[in-house]
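Data block below; observations after.
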2 protein chains.
Amino acid sequence: MSREFRRAMPLLPISMVMQLTELTARQIRYYEEHKLIEPARSEGNRRMFSLDDVDALLEIRELLDQGINMAGIKKVFDMRVNSSHVISSNKMAISDSELRAILREEMQQAQIMQKASIRQGDLSRFFQSKGE
Amino acid sequence: MSREFRRAMPLLPISMVMQLTELTARQIRYYEEHKLIEPARSEGNRRMFSLDDVDALLEIRELLDQGINMAGIKKVFDMRVNSSHVISSNKMAISDSELRAILREEMQQAQIMQKASIRQGDLSRFFQSKGE
DNA sequence: TTGATATGTTATTTTTCCTAACATGTAATT
DNA sequence: AATTACATGTTAGGAAAAATAACATATCAA
C-alpha cells in the first residue's frame with residue numbers, strides 16, 4: 001500500500017481546511033459542487049478532507065488567481081488524472097503484471113477508503129508493515 | 001519550518017482520532033485529564049489533535065495493555081520529554097500564513113507520508129519521520 | 001470489604017456543519 | 001445601459017458532533 005493512499009485518507013474537517021487554504025466554506029463547497037474535489041463524508045454527512053484534497057484546493061486557488069474558471073480547472077485536473085495511467089498503458093510501456101498490480105492497488109484503496117471515514121475498525125487494514 | 005511543526009499541527013477532530021486509535025472519547029478525555037496529552041482547542045473549545053497526539057495515544061494504549069497505569073505512563077512520557085531539548089518550540093505560535101506556507105511546501109514535495117509500523121504506536125507512517 | 005482506577009453511560013448545552021435560498025460585485029455580452 | 005453568468009457572500013433552520021458534568025460499574029489490590 002502506497003503513500004498515495006495515505007495522502008488520500010480523509011482526516012480533516014472543513015474548519016481546518018479553511019484555515020489551511022484560506023478559503024471560505026462557501027468556496028470549498030462550491031468547488032465540490034463543480035466536481036473539482038470530492039471529499040469523503042462521515043456517517044453524519046460531514047465532509048472529511050484528505051491531504052490530497054487540500055492540495056487540490058490550494059491549486060484551485062492558484063488557477064483561479066490566474067483567471068481560469070471552474071470548467072478550465074476541471075479540464076486541467078482531468079488531463080492530469082488521465083495522463084498518468086492512460087498514456088503509459090496506451091503505449092504498452094508496462095507489463096501485464098504491472099498493470100494488474102496497479103489495478104489491484106486501486107481496488108484495494110477504493111474499498112478501504114469507503115470505510116475509512118465512516119467506521120471504526122481495524123486500523124491494520126489500512127497499512128502494511130515495513131516491507132513496502 | 002520542519003517536520004516537528006507538521007506533526008504538531010492540530011488538525012484532527014476527536015472523531016477521527018477515535019477511529020485512528022480505536023479509543024473512545026471518554027478514554028481520550030480521561031488521558032487528557034491526566035495530562036498524558038494536551039490537545040489544542042478550537043475557538044469554540046473543541047479539541048483538535050495533532051499527529052503527535054495520535055502517536056501518544058497509540059502508545060498509551062500499548063502501555064495500558066502492559067498493565068502500566070496513568071502515573072506510570074506519565075512518568076515514561078516525562079522522561080522522554082526531558083531528554084530532548086527543543087520541545088518548547090511546540091508551543092510556539094505560528095501564524096496562519098506560515099502554516100499555509102509550510103503545508104504548501106510540503107505538498108509540493110509530495111512525500112509527506114512514509115513507511116513505518118503501526119504496532120509501535122507510531123504515526124510516522126503518515127508523515128515523514130524524524131529519522132529521515 | 002473497601003478503595004482506587006479506568007471506563008461506561010446519560011443528560012444538557014454549545015459549536016460546527018449541512019443544505020438551500022436569496023443577494024451582490026464584477027466582467028463579459030448584447 | 002441593460003443583461004447575463006460566475007464566483008462568492010449572507011442568512012435561516014436543522015442535524016450532527018463534541019463539550020462538561022454527574023453518576024454508574026467492573027476489576028483489582030490492600
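Below, read A as the first sequence line, B as the second, and so on, with proteins coming before strands; counting in each chain starts at 1.
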Please produce a list of atom pairs where a protein N or O lies less than 3.5 Å from an N or O of nucleotides 3-7 of chain D.
residue, atom, partner, partner atom, Å
D:dA7, OP1, A:Met70, N, 3.0
D:dA7, OP2, A:Tyr30, OH, 2.9

Exercise for the section: Mind jotting down which residue pairs meet the salt bridge (charged side-chain N to carboxylate O under 4.0 Å, His left out) criterion with at least one end in residues 63-77 of chain A? Sequence neighbours excluded, please. Expected result: A:Lys74-A:Asp78
Fill in the blank from the handout: By side-chain contact (heavy atoms from CB on, under 4.5 Å), B:Glu33 pairs with (sequence neighbours left out) B:Tyr30
Practice task
Tell me, please, which residues at least two apart from B:Arg61 pass salt bridge (Lys or Arg N to Asp or Glu O under 4.0 Å).
Solution key: B:Glu22
Problem - B:Arg47: side-chain contact (heavy atoms from CB on, under 4.5 Å) partners, not counting sequence neighbours - result: B:Arg29, B:Glu32, B:Pro39, B:Arg41, B:Phe49
Practice task
Provide, to the nearest angstrom, the distance between the CG atom belonging to B:Asp65 and the P atom belonging to C:dA6.
Solution key: 14 Å
Handout entry: Protein-nucleotide distance (B:Glu33, atom CD; D:dA21, atom P), rounded to Å
Key = 10 Å
Practice task
Report the distance from atom CD1 of A:Ile28 to atom OG1 of A:Thr21, rounding to the nearest 0.5 Å.
Solution key: 4.5 Å
Handout entry: Residues forming a side-chain contact (heavy atoms from CB on, under 4.5 Å) with A:Ile68, sequence neighbours excluded
Key = A:Leu63, A:Gln66, A:Ile73
Fill in the blank from the handout: Hits for side-chain hydrogen bond (donor to acceptor under 3.5 Å, both in side chains) against B:Ser42, two or more places apart or cross-chain, chain-then-number order -> none
Handout entry: Contact pattern, 5' to 3', of nucleotides 10-30 of chain C - B, S or - by protein heavy atom under 4.0 Å
Key = -----BBSBB-----------
Practice task
Output, in order, the C-alpha distance, side-chain angles, deciding distance and verdict of side chain to side chain contact (heavy atoms under 4.5 Å, CB included) for B:Leu23 and B:Leu57.
Solution key: CA-CA 8 Å; B:Leu23 294 167; B:Leu57 287 169; 3.9 Å; yes
